Each structure stands twice: as structure tokens, then as C-alpha cells.
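Data block below; observations after.
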Amino acid sequence: KAVGRLYRLRPNLKFKAAPLARGLKAVRAVKTDLEIALMRRAAEASSAAHVLAMAKARPGLCEYQLQSFFEKELLFHGLVPSYPPIVAAGSNAAVLHYFRNTAVMRSGQMLLLDAAGECSGYAADITRTFPVGGRFTRRQREIYEIVLEAQLAGIAQVRPGTTTDDLQFTAIEILCRGLLRLGLLKGSLDEVLERKSHTLFYPHGVSHMLGLDVHDVHLQDRVPRKADRMRAHVILRENHVITVEPGLYFIRALLENKKLQRRHARTVNFAKALDYLDLGGVRIEDDVRVTARGSEVLSCVPKEVREVETAVRKG
Ligand code: GLY
Ligand code: MN
Ligand code: MN
């Protein structure tokens with residue numbers, strides 16, 4: 001995109017597009033101190049907006065009304081949304097890029113809020129999922145805790161040298177073990193991985209680069225083990241900023257698909273999974289800077305079960 005713009009600005013300029021694009025990607029992937037300061041601000045203000053939204057959520061409120069509270073708080077901090085907010089109550093959370101935001105939140109439902117702002121063009125990208133009424137049901141909590149475990153394990157792995165694919169393998173393993181424990185997956189972990197049965201419940205990647213774009217540019221590295229469904233195959237370096245965002249979803253179109261039901265008959269308990277459709281899904285997403293030895297999480301919104309319930313009940 002940047003190269004295209006340069007062509008339009010200086011049509012007579014002679015340059016080799018490919019090395020220039022590579023150079024720009026390399027420069028954009030590793031953030032300077034100033035860029036990090038802007039991203040920290042974006043993440044902090046977006047976090048404040050998440051905390052406010054949690055407190056404002058209640059049964060009877062429309063998704064777009066919650067969005068209005070969120071965006072108002074962003075604007076108060078001088079930020080605009082970095083992407084169209086996903087405000088998804090109940091089963092809407094299973095629509096990965098849900099954007100209508102027109103449904104009414106009901107008691108007993110969870111709300112998935114994937115929303116954030118940008119500061120001088122630098123984006124945050126944050127998701128929380130919380131019970132609209134202030135208390136998770138047992139089922140919701142069980143799914144939530146699996147996703148949280150996967151997210152914390154991913155963040156703990158972030159340091160120079162780790163690949164984004166490593167993060168995906170970690171997420172997949174923890175999510176699968178959790179689903180096996182609950183009886184939503186069956187058989188052995190190896191069988192599940194072999195058939196890729198987890199993709200019915202977790203059909204996306206765990207991480208992408210973050211910066212001037214929400215899905216920012218990167219150079220694809222040659223990684224030792226490539227994971228499925230990842231936009232970026234990147235060996236992490238100091239001052240990369242990435243998201244860590246595992247999730248679990250109950251997607252009607254996949255769970256009711258006869259072909260998938262046949263293919264995954266040995267490893268997925270479809271009868272049980274279909275009973276979870278109302279739950280929708282859970283995603284937990286934070287923005288993480290790679291430091292010299294580990295990581296700094298830029299976003300700060302409650303995510304432990306008790307903290308989340310308390311934040312929602314504050315309203
Ligand atoms: N909000 C888009 C994403 O999480 O990748
Ligand atoms: Mn993201
Ligand atoms: Mn997101």
C-alpha cells in the first residue's frame with residue numbers, strides 16, 4: 001500500500017518496489033520508543049473504555065448502546081476506534097467479525113467486546129468477554145477459564161526468539177486439553193490434533209502484529225514449525241508488538257454441518273457441543289510488547305473470573 005502511494009506521489013521516481021516494501025515492513029515491525037509510547041497510550045485509554053463498558057453492561061441494553069459508552073470514553077481520551085467494534089451478546093459472539101451490534105443483551109448471556117482505539121494512527125486491539133448480569137454460569141466459567149489459561153500461557157511464552165507459531169501451538173494444546181476435559185472433544189489429544197478437530201471450536205490464529213494497522217505488516221520468517229491459520233509467521237524480536245488472543249466458539253454453521261459431523265465423529269461430541277450454542281464464544285485479547293527478556297502487556301483490563309465479575313457489578 002505504501003509503495004502504491006509513493007508511485008502516485010512521485011510517478012517518475014525510479015525504485016525497486018520489492019526491496020522498498022521489505023524495508024518498510026522491517027522498519028514498521030520493530031517499534032521505536034516513540035511508537036511504543038503512542039501504543040501504550042492507545043492501549044491504556046482503550047483499557048479504560050473496556051472497564052467502563054463492563055460497568056455499564058446490563059440486561060436490556062442494546063449492543064450499540066454499550067458501543068456508545070465505549071466510544072464516548074475513547075473520545076474523552078482523544079482516541080478514535082482503530083477498527084469497527086465487535087459488540088456481541090450471546091450467540092453473536094460466535095460470528096467472528098460480527099458488526100451489526102443491534103441485539104439486546106439478555107440476562108444469563110455473556111458479551112464479547114472486541115474494541116479499541118488508536119493514538120496518532122497507532123492501534124490497540126483488545127477483547128474481553130464477560131457476563132452481562134455480573135456472574136458467569138458454571139458452563140460459561142469453564143469455557144472462560146480454558147481460554148484464559150491459553151492466553152496466559154501464550155503471554156508467558158512471549159520473548160525474543162519465540163515464534164508466533166509457537167504461540168498458536170500452545171493455544172491449541174491448552175484449548176484441546178480443556179475441551180477434552182469437558183467432554184466436548186473425545187479420544188486422545190493426538191487424534192484431535194491429527195484431525196484438526198479443534199478448528200471447529202477455534203478457527204483463527206492466536207496472534208498478529210499490531211501497529212499502524214490493526215493487522216500490521218510483517219516479514220514472513222522461515223519458522224521451524226508452521227502452525228495453521230496464522231496471518232504472521234514471525235520470529236519475535238525486541239519491540240515487536242503483537243496480540244495474544246485465543247478463543248473458543250460454538251458456531252452453528254460448523255456444528256450442524258453434516259460433512260463435518262461425519263469427518264469428526266470420533267473426536268467431537270456434537271450432541272453436547274450443540275447444547276452450547278447459546279453460549280456463543282469467548283475470546284480474550286491483549287496487546288503485548290516483546291522486551292529484551294520477555295514481554296510487557298500494554299493493555300490492562302480485568303480478566304480473572306472474580307475481577308471480571310466485580311468490574312461488571314460495579315455499574
Ligand atoms: N479485532 C480484530 C482482531 O482481533 O484481529
Ligand atoms: Mn486482534
Ligand atoms: Mn480484536
Side-chain angles (χ1 to χ4, degrees), residues 28-29 31 39-40 42-51 53-54 63-64 66-67 70-71 74 79-89 92-101 110-119 121-130 144 147-148 150-152 154-155 158 164-165 167-168 170-172 175 199 201-218 227-234 236 240-249 251 280-290 295 297-303:
R28 277 178 59 170
K31 271 68 178 173
M39 294 191 75
R40 205 174 274 131
E44 283 170 3
S46 304
S47 298
H50 267 273
V51 171
M54 282 179 171
E63 293 164 341
Y64 59 76
L66 196 74
Q67 180 178 349
F70 184 92
E71 292 194 22
L74 272 188
L79 269 61
V80 292
S82 46
Y83 55 93
I86 298 168
V87 190
N92 291 337
V95 182
L96 287 191
H97 290 108
Y98 178 72
F99 60 88
R100 293 188 195 286
N101 303 347
M110 288 189 294
L111 186 92
L112 183 152
L113 178 60
D114 183 346
E118 61 181 39
C119 181
Y122 285 86
D125 181 7
I126 304 174
T127 308
R128 285 295 182 271
T129 312
F130 53 84
Y144 185 91
V147 177
L148 182 60
Q151 206 241 7
L152 293 172
I155 292 173
V158 173
T164 47
D165 301 75
L167 305 180
Q168 178 75 333
T170 299
I172 290 171
L175 297 175
T199 58
F201 302 98
Y202 174 52
H204 64 77
V206 76
S207 177
H208 55 80
M209 304 291 277
L210 192 64
L212 282 171
D213 267 329
V214 173
H215 298 142
D216 208 19
V217 295
H218 56 272
D228 284 342
R229 299 187 188 239
M230 295 294 289
R231 292 168 192 275
H233 302 283
V234 171
L236 295 179
H240 278 169
V241 180
I242 62 168
T243 64
V244 180
E245 50 175 311
L248 284 175
Y249 312 87
I251 303 170
V282 172
R283 176 164 65 259
I284 306 172
E285 174 174 33
D286 281 303
D287 304 339
V288 183
R289 174 174 81 91
V290 184
S295 69
V297 183
L298 303 180
S299 38
C300 181
V301 187
K303 61 182 171 184

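Indexing begins at 1, ligand by ligand and atom by atom, following the structure's order. Fair warning: this is a prediction, and the values are worked out from it, not measured in the lab.
T129 places no side-chain N or O within donor-acceptor distance of the main-chain N or O of V282, the cut-off being under 3.5 Å. In this structure, R128 contributes its side chain and P302 its backbone to a donor-acceptor pair below 3.5 Å. Looking at Q168, its side chain does come within 3.5 Å of a backbone N or O of D228 through a donor-acceptor pair.
Protein neighbours of ligand 1 below 4.0 Å, counting non-hydrogen atoms: Y83, D114, D125, H208, H215, E245, E285.
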*For side-chain hydrogen bond (donor to acceptor under 3.5 Å, both in side chains), just list the numbers for H208 and E245, CA-CA rounded to whole Å, side-chain angles, deciding distance to a tenth of an Å, and then say yes or no.*
CA-CA 9 Å; H208 55 80; E245 50 175 311; 2.9 Å; yes
*So E118 and V80, side chain to side chain contact (heavy atoms under 4.5 Å, CB included) or not? Walk me through it.*
CA-CA 6 Å; E118 61 181 39; V80 292; 3.9 Å; yes
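A side chain to side chain contact (heavy atoms under 4.5 Å, CB included) with I242 holds for exactly one of D216, L167, V206, I155; it is L167. Each of D286, D114, T243 was evaluated against T127; a single residue qualifies, D114, per the side chain to side chain donor-acceptor pair (under 3.5 Å) test.
Distances from the Mn ion (ligand 2) under 2.8 Å pick out these protein N/O/S atoms: D125 OD2, H208 NE2, E245 OE2, E285 OE2.
Pairing each heavy atom of L112 with each of A93, the nearest pair is CB-CB, 3.7 Å.
At least one side-chain heavy atom of S46 sits less than 4.5 Å from a side-chain heavy atom of L74.
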